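Report on the structure given below.
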Amino acid sequence: MTAVPPLHRSVRDEWIDANGHLSEAYYVLVFGEATEHAMAQVGMTPAYRTETGRSLFTVEAHLRYLGQVLPGERLEVRTTVIGVDAKRLLLWHEMAAGGRSRATAEVLGVHVDIPSGTSCPFPDAVRAAAEVRLRPLPQAAGRVWRR
């Protein structure tokens, strides 16, 4: 079974809000980068988008803020594929810093033909690469997809 390698990011000073911790917009930014990272792991790289005119569009997301992220911390986002079918990919992101969980995001993406804006099935190789990474739903997941 193949896992998605973790994504690492350092918290930038400009990401810190007036309360002295990571602004909520930057949680979304980092989770968006983690989604792009996971897409590349299953074959939906920037080259794939250019060559096919297809990509994954986020259609729903659920975020949980579990703890503050402070200036200068190093983030690690672990991503798990928790759902895949003909056109949809469901990802579970867990953000940690200093060995403690800080946030999670459950992200549902639909495979889309960019010029037409319509959904379309994944190529067999992309779906197979996602399926080999498929894991059971974490206990806190399941808000955007029920199997």
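Worth saying up front: this structure is predicted, and the values here are computed from it rather than measured.
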Contacts of S55 that satisfy side chain to side chain donor-acceptor pair (under 3.5 Å) - sequence neighbours left out: none

Spatial distance of atom CG (L66) from atom CZ (R102) [nearest 0.5 Å]: 10.0 Å

Pair E36 + R49, salt bridge at N-O below 4.0 Å: yes

Side chains of residues 13-20: which donor-acceptor pairs under 3.5 Å do they make with residues two or more places apart or in other chains?
residue : atom : partner : partner atom : Å
D17     : OD1  : N19     : N            : 2.9
D17     : OD1  : G20     : N            : 3.3
D17     : OD1  : H21     : N            : 3.3

All ring pair (Phe, Tyr, Trp, His ring centres under 6.0 Å) counterparts of Y65, not counting sequence neighbours: Y27

Exercise: identify the closest heavy-atom pair between V77 and V30: CG2-CG1, 3.7 Å

Inter- and intrachain pairs under side chain to side chain donor-acceptor pair (under 3.5 Å), touching residues 119-130, at least two apart: K87-S119, R127-E131

Joint cluster assignment, L63 & W92, ILVMFWY side-chain distance < 4.5 Å: no

Value rounded to 0.5 Å, distance of CD1 in I114 from CZ in F57: 5.0 Å

Shortest non-hydrogen separation from V69 to M95 and the atoms involved: CG2-SD, 4.3 Å

Contacts of type salt bridge (charged side-chain N to carboxylate O under 4.0 Å, His left out), residue R74, not counting sequence neighbours: none

Which residues share a side chain to side chain donor-acceptor pair (under 3.5 Å) with T80, sequence neighbours left out: none

Which residues share a salt bridge (charged side-chain N to carboxylate O under 4.0 Å, His left out) with E24, sequence neighbours left out: none

In one Ile/Leu/Val/Met/Phe/Trp/Tyr side-chain cluster, 4.5 Å: M39, L134: yes

Set of salt bridge (charged side-chain N to carboxylate O under 4.0 Å, His left out) partners for E94, sequence neighbours left out: none

Salt bridge (charged side-chain N to carboxylate O under 4.0 Å, His left out) contacts in which one or both residues fall within residues 107-123, not counting sequence neighbours: R54-D113

Working for side-chain contact (heavy atoms from CB on, under 4.5 Å), residues H93 and T35: CA-CA 8 Å; H93 300 302; T35 295; 2.9 Å; yes

Neighbour count >12 (heavy atoms, 6.0 Å) for atom CZ, R100: no

Exercise: identify the closest heavy-atom pair between L75 and A97: CD2-CB, 3.9 Å

Residues clustering with L70 (ILVMFWY side chains joined when closer than 4.5 Å, directly or via others): none

Nearest non-hydrogen partners of G109 and L56, listed with the distance: C-CD1, 3.6 Å

Cluster check V28, V11: I/L/V/M/F/W/Y, side chain < 4.5 angstrom: yes

V126: side chain to side chain contact (heavy atoms under 4.5 Å, CB included) partners, not counting sequence neighbours: V42, M44, Y48, F122, P123

Point-to-point distance, once rounded to the nearest 0.5 Å, from CG of L91 to CD of E106: 9.5 Å

For the student: nearest non-hydrogen atoms of I82 and P136, plus distance: CG2-O, 3.9 Å

Partners passing side chain to side chain contact (heavy atoms under 4.5 Å, CB included) against Q41 (at least two apart in sequence or in another chain): V4, P5, H37, R133

Non-hydrogen atoms of A34 and T79 that approach each other most closely: CB-OG1, 4.0 Å

